[in-house]
Structures are given as structure tokens and as C-alpha cells.
A.B. asks: 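Let me give you the structure first, and then I'll get to my questions.
In what follows, every heavy atom counts, from backbone to side chain, and hydrogens, waters and symmetry copies are set aside. Predicted model only: the values in this text are computed from it and were never measured.
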Amino acid sequence: MRSLMFTLSLSSALALSACAGGVSGSFRGNNGGVAGPPVAASAVKVVASKADMTGAYTEIGIAKGSAPTAQGAVDQAKIHCGQHGGTYLIMNTQPFQSGNSWSADATCATVTK
């Protein structure tokens, strides 16, 4: 019985630690937040700030990402932006670390035609 309880406790601890360093992301759209068909994450361009954008663009929402690395967090935000038709990920802040994971917060946009 003691061995079974130890095994269950160890399994629970491993499951919780896996969640703490996992990857996730989200998207909150403006007025529906869909600009067009989905775009591959590799095609979504990352821009450091709104001041660095050239030309007209339309903000379609906010994309967020969380991962064990800063680049992983940005990649998660790119995935969620691209799923809603965004072609630009404009960073609202630089990726930041919170506990064991990194977070990215960005505006998702597309070029205005």
C-alpha cells in the first residue's frame, strides 16, 4: 500500500510540474477578430512595436503565448495570430518571464488593402 501511495504521489507531482512549464496561447479578437483565411505561423512577421510598422494595417486582436522559452512564447502567439488570419505580430511588450515560463503579449494585425 505504501508503494502505491508513493507512486500516486510521484505521478501527481510529475503531472503538475509538466503543466508549469507547458506551452499555451490565446487570441482575443476585435469585432470577430478574423481577417481572412488562416496563415501559417512561419508566414506571420514579428515587429518590435507599432512605431516600427510601415504602411496601413488593421488590428484584428491580441495574441498571447506562454512557453518555457521567450522564443517559444512568441511562436505560440504567432500560431494564434495566424489562425485568425493575421500576418503581423506587433509586440506590445518584450517577452517576459513569470515563474518557470515566458509570456508574450502582442497585437495581431493584417495589412489594410
A.B. asks: Evaluate the side-chain proximity of Thr110 to Val39: yes if any heavy-atom separation is below 4.5 Å, no if none is.
C.D. replies: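 A side-chain contact is absent here, since even the closest heavy-atom pair is not under 4.5 Å.
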
A.B. asks: Residues two or more places apart in sequence or in another chain: which of them pass salt bridge (charged side-chain N to carboxylate O under 4.0 Å, His left out) with Asp105?
C.D. replies: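 Partners of Asp105 under the salt bridge (charged side-chain N to carboxylate O under 4.0 Å, His left out) test: Lys64.
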
A.B. asks: Measure the spacing between SG of Cys108 and OH of Tyr57 and express it to the nearest 0.5 Å.
C.D. replies: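 The distance works out to 12.0 Å.
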
A.B. asks: If I compare all heavy atoms of Ser66 with all of Ser101, which pair ends up nearest, and what's the gap?
C.D. replies: OG-OG, 3.6 Å

A.B. asks: If I compare all heavy atoms of Gln94 with all of Ala48, which pair ends up nearest, and what's the gap?
C.D. replies: NE2-O, 4.3 Å

A.B. asks: Please list, chain by chain and in numerical order, all residues satisfying side-chain hydrogen bond (donor to acceptor under 3.5 Å, both in side chains) with Ser49, sequence neighbours excluded.
C.D. replies: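 Scan of Ser49 (side-chain hydrogen bond (donor to acceptor under 3.5 Å, both in side chains), adjacent residues dropped) gives Asp52.
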
A.B. asks: So, for Gly85 and Ile60, which heavy atoms are closest and what is the spacing to 0.1 Å?
C.D. replies: C-CD1, 4.1 Å

A.B. asks: Measuring from atom NE2 of His84 to atom CG of Asn30, what distance do you get when rounded to the nearest 0.5 angstrom?
C.D. replies: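 Output value for this atom pair is 11.5 Å.
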
A.B. asks: With a 4.5 Å heavy-atom cut-off, do Trp102 and Gln71 have their side chains touching?
C.D. replies: no

A.B. asks: Any side-chain heavy atom of Lys78 sitting closer than 4.5 Å to one from Val46?
C.D. replies: yes

A.B. asks: For the OG1 atom of Thr69 and the CG atom of Asp75, what is their distance to the nearest 0.5 Å?
C.D. replies: 7.5 Å

A.B. asks: Which heavy atom in Ala70 sits nearest to a heavy atom in Pro95, and how many Å separate them?
C.D. replies: CB-CB, 3.9 Å

A.B. asks: For the pair Lys45 and Leu89, evaluate side-chain contact (heavy atoms from CB on, under 4.5 Å) and give the outcome as yes or no after the intermediate values.
C.D. replies: CA-CA 6 Å; Lys45 296 174 182 76; Leu89 189 69; over 6 Å; no

A.B. asks: Testing the basics here: between Ala41 and Ile79, what is the closest heavy-atom pair and its distance to 0.1 Å?
C.D. replies: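 It is CB-CG1, 3.8 Å.
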
A.B. asks: How about Val47 and Tyr88: do any of their side-chain heavy atoms sit closer than 4.5 Å?
C.D. replies: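 When only atoms from C-beta onward are counted, Tyr88 and Val47 do touch, with a gap below 4.5 Å.
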
A.B. asks: Would you indicate whether the side-chain heavy atoms of Pro68 and Asn100 approach each other to under 4.5 Å?
C.D. replies: no

A.B. asks: Looking at every non-hydrogen atom in both residues, tell me the closest pair between Ala67 and Ala73 and how far apart they are.
C.D. replies: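 Scanning both residues, the minimum pair turns out to be CB-N, 3.4 Å.
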
A.B. asks: Walk me through whether Thr87 and Val44 qualify under side-chain contact (heavy atoms from CB on, under 4.5 Å).
C.D. replies: CA-CA 5 Å; Thr87 54; Val44 176; 5.9 Å; no

A.B. asks: Taking it one step at a time, do Phe27 and Gln83 satisfy side-chain contact (heavy atoms from CB on, under 4.5 Å)?
C.D. replies: CA-CA 9 Å; Phe27 180 85; Gln83 287 174 342; over 6 Å; no

